[in-house]
Amino acid sequence: MAANRSTNADRRARIEEMRRAEQARERRNRILTIGVSAVVVLSLVGFGGWAINKQSEKKDQEAAAAKAPIEGEKDWDAKKLTRNHVETPVKYEMKPPVGGDHNPIWQNCNGDVYDKPLNDTNAVHSLEHGAVWVTYNKKADKGDLDKLSSKVKKTPYSLMSPIDDQSGAIMLSAWGKQVTVDGASDPRVDAFFTKYVNGPQTPEPGAACTGGVDASGQGGKAMGQ
């Protein structure tokens, strides 16, 4: 009888010891879980703060670039650039043209890259809608053209095409604005895009860059806007 009582007591003692060990393990797991969760939360908060600061910094840089003058930029008085719709050729005072009378149908400028010269009067209409027009002649480096082509394709309200008889190898134009750059890595490229893609110089902000003339010279259902 005494042996049975001793055995039962030992069993209860082992069970109690196992219970305490399990409770201790659960406490450690809870502490570990809380600690890991705290680290994750703090990391997310820290990353979120970093991302917000980074985004804010980027916006500040873009705002500063939009206000800063661009070295070597030529400027025409927007009030003197006529905006009549004509269906006859126009003799512009600058090449590429940056404004003036133009065709009623714009050239598609939703990141469109053309490998042949465009009708100037269609392209000028695109500038009126807020597009930046990248042009180049045969002196331009192929590597630069590839980089600029990639940039244009990713940028709504921009277009690119060759103009063999322009003065600079690579030129950027917007309504009333123009600059000749040294290459695709010239910081003035990004500055010009930041400042003038749908920028404050745009006579018709929000107007379409699609639905106009395509590479084949066809299109233009939304005529006259």
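Remember, it's a predicted structure, so these values are computed and weren't measured experimentally.
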Is there a donor-acceptor pair closer than 3.5 Å between any side-chain N or O of [X] and the backbone N or O of [Y]?
{"X": "E87", "Y": "P104", "answer": "no"}
{"X": "N122", "Y": "D120", "answer": "no"}
{"X": "E128", "Y": "W175", "answer": "no"}
{"X": "D101", "Y": "H85", "answer": "no"}
{"X": "D186", "Y": "V189", "answer": "no"}
{"X": "K177", "Y": "V132", "answer": "no"}
{"X": "H102", "Y": "V124", "answer": "no"}
{"X": "S158", "Y": "V152", "answer": "yes"}

Legend entry - Minimum heavy-atom distance between A174 and F192, given as atom pair plus value: N-CZ, 3.7 Å
Legend entry - Minimal non-hydrogen separation, D115 against Y136, with atom names: CA-OH, 4.4 Å
Tell me, do [X] and [Y] make a side-chain contact under 4.5 Å, heavy atoms counted?
{"X": "I170", "Y": "T180", "value": "no"}
{"X": "H129", "Y": "P203", "value": "no"}
{"X": "N110", "Y": "Y157", "value": "no"}
{"X": "S126", "Y": "W133", "value": "no"}
{"X": "V181", "Y": "V179", "value": "yes"}
{"X": "N137", "Y": "D165", "value": "no"}
{"X": "V213", "Y": "W106", "value": "no"}

Legend entry - Salt-bridge criterion met for D190 and K151 (N-O under 4.0 Å): yes
Legend entry - Pair R188 + E73: basic N to acidic O under 4.0 Å: no
Inset, instruction - Ignoring hydrogens and angles, state whether a donor on the side chain of T135 or Q166 is under 3.5 Å from an acceptor on the partner side chain. - result: yes
Inset, instruction - Go through the side-chain N and O atoms of D214 and S216 and say whether any donor and acceptor fall under 3.5 Å apart. - result: yes
Inset, instruction - I would like to know whether Y114 and Q107 meet side-chain contact (heavy atoms from CB on, under 4.5 Å); could you show each step before the answer? - result: CA-CA 10 Å; Y114 302 92; Q107 191 74 37; 3.4 Å; yes
Inset, instruction - Would you sort out whether H125 and I105 count as a side-chain contact (heavy atoms from CB on, under 4.5 Å), showing the intermediate values? - result: CA-CA 7 Å; H125 197 154; I105 311 172; 5.6 Å; no
